[in-house]
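The structure under discussion appears below in the form of structure tokens.
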Amino acid sequence: MKINENFLNLSENFLFSLIAKKVKSYKEENPDKEIISLGIGDVSLPLSKVVVDALVKASYEMGVKETFRGYPPEFGYDFIKDSIRKYYLKNNVSLDLDEIFVCDGAKSDLGNMVEILGDNRIIIPDPVYPVYVDSNMMAGRNILLLDGNESNGFLPMPDGLSYEESVIYLCSPNNPTGAVYSKEQLEKWVSYAIKSKSLIIFDSAYEAFIRGDYPHSIFEIEGAKSCAVEISSFSKLAGFTGLRCSYSIVPKEILNGVFNKIWGRRQATKFNGVAWPVQRAAEAALSPEGLEACHTNINYYLENARIIKEVLDKYNIFHTGGNNSPYLWMKCPNNMSSWDFFDLLLHKANIVGTPGVGFGEAGEGYFRLTSFQTREKTIEASKRLDEFLKNMRWYYGRKANKIYICNWWSSIIAW
Ligand SMILES: *Cc1c(COP(=O)(O)O)cnc(C)c1O
């Protein structure tokens with residue numbers, strides 16, 4: 001039989017396994033050292049009480065004849081769709097219930113949406129959450145990467161792009177860079193999408209981390225309902241990474257309702273809905289009490305991010321994120337590569353982070369730190385990072401079989 005050979009073109013997913021391998025071997029050689037991970041890419045605080053109460057209550061209902069539930073509606077119960085509708089009203093975005101599709105994860109929706117799209121040019125910022133690239137590679141699509149860099153603040157814009165029908169992936173606040181698009185920037189993207197007859201797939205998984213004056217939803221931008229879908233999740237909002245619940249918003253204005261209709265057809269054919277207790281838990285997360293608890297947790301992460309950011313600011317290290325995002329994306333000092341910096345930070349400060357190059361070529365020379373660690377460990381790691389940046393003007397490294405000494409603020413001297 002033949003297989004889908006596009007899968008053979010995917011790059012090996014070695015990032016986190018290589019990190020684990022390096023950490024393990026360092027631990028074996030240095031059993032007395034306490035390593036702190038600022039590489040955690042998952043929430044770490046537990047579900048709030050109001051969510052757990054709803055989950056427990058709905059679970060018991062499943063064991064009682066009168067309240068037992070079988071298959072849920074494929075697109076979600078009306079009560080949860082209505083909670084999402086009200087959540088969007090806070091940002092002056094009005095949605096119809098049949099534009100909301102509840103699902104078990106934003107990752108699935110992002111991957112699955114490729115199925116209902118034809119062979120368009122795919123535009124993806126780099127560095128990026130790997131799902132966008134990989135799911136389009138699986139479908140054999142042509143991908144155009146837009147480089148993020150210091151000069152665009154890791155927020156690529158459409159300037160210079162030809163007007164060709166495309167599918168554009170935007171993630172704001174961004175994973176891995178923590179960068180957030182302003183209203184003016186998103187207006188430019190929407191106007192590009194309308195002019196070029198393109199579709200924007202907007203990933204707003206981290207919108208609840210926004211504290212500044214930035215759009216939470218692409219639909220806050222005029223005209224976006226004719227050219228954008230939004231995919232979001234309870235994962236980062238309410239700590240649902242283990243519970244699984246997300247939603248996609250597919251406006252009926254896109255292609256006169258055809259896009260909304262075929263997404264519904266796709267979902268109804270291949271997905272049988274989110275569990276009753278999980279939908280009740282998600283509803284509880286969007287209640288006033290639930291949202292207050294969500295934001296207490298998010299504020300905890302944001303304070304961690306601020307603590308790390310303070311150290312980077314102190315040493316004038318270029319970085320994005322940390323204000324409206326759980327992620328900090330820093331330039332490796334002295335033009336080090338991502339992996340060289342990873343090794344150095346592990347060995348000299350016993351801190352683990354994520355090499356930026358693991359999120360795309362444009363991430364080379366950058367490094368991601370996350371705020372999902374405990375407060376105590378974040379404070380300890382920040383002290384170490386401070387010491388490291390202060391004292392480690394000289395270090396020994398190994399590259400291309402040469403031992404070299406590097407002075408942080410000048411050049412590399414090969415020995
Ligand atoms: C965590 C995350 C999501 C959420 O994925 P789920 O499948 O809903 O847990 C979506 N997009 C990005 C960029 C993320 O980092």
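Indexing begins at 1, ligand by ligand and atom by atom, following the structure's order. None of the values given here were measured: they were computed from a predicted structure.
- Among all heavy-atom pairs drawn from S248 and I231, the shortest one is OG-CG1, 3.6 Å.
- For residues 36-61, no pair satisfies ring-ring contact (aromatic ring centres under 6.0 Å, His included), with sequence neighbours left out.
- Both the sub-6.0 Å distance and the 45° axial angle are not jointly satisfied by R368 relative to the ring of F359.
- Among pairs with a residue in residues 63-79, none fulfils side-chain hydrogen bond (donor to acceptor under 3.5 Å, both in side chains), at least two apart in sequence or across chains.
- The one candidate from F259, Y247, F75, F271 that meets the ring-ring contact (aromatic ring centres under 6.0 Å, His included) condition with F101 is F75.
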Ligand 1 polar-atom proximity to protein (N/O, under 3.5 Å):
from: ligand 1; atom 1: 7 (O); to: A106; atom 2: N; distance (Å): 3.2
from: ligand 1; atom 1: 7 (O); to: K107; atom 2: N; distance (Å): 3.0
from: ligand 1; atom 1: 7 (O); to: R244; atom 2: NH2; distance (Å): 2.7
from: ligand 1; atom 1: 8 (O); to: A106; atom 2: N; distance (Å): 2.7
from: ligand 1; atom 1: 8 (O); to: S233; atom 2: OG; distance (Å): 2.6
from: ligand 1; atom 1: 8 (O); to: S235; atom 2: OG; distance (Å): 3.4
from: ligand 1; atom 1: 9 (O); to: S235; atom 2: OG; distance (Å): 2.6
from: ligand 1; atom 1: 9 (O); to: R244; atom 2: NH1; distance (Å): 2.9
from: ligand 1; atom 1: 9 (O); to: R244; atom 2: NH2; distance (Å): 3.4
from: ligand 1; atom 1: 11 (N); to: D203; atom 2: OD1; distance (Å): 3.4
from: ligand 1; atom 1: 11 (N); to: D203; atom 2: OD2; distance (Å): 2.7
from: ligand 1; atom 1: 15 (O); to: N175; atom 2: ND2; distance (Å): 2.9
from: ligand 1; atom 1: 15 (O); to: Y206; atom 2: OH; distance (Å): 2.6
from: ligand 1; atom 1: 15 (O); to: K236; atom 2: NZ; distance (Å): 3.3

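- Applying the side chain to side chain contact (heavy atoms under 4.5 Å, CB included) rule to V128 yields the partners I124, Y132, V133; only residues at least two apart in sequence or on another chain are considered.
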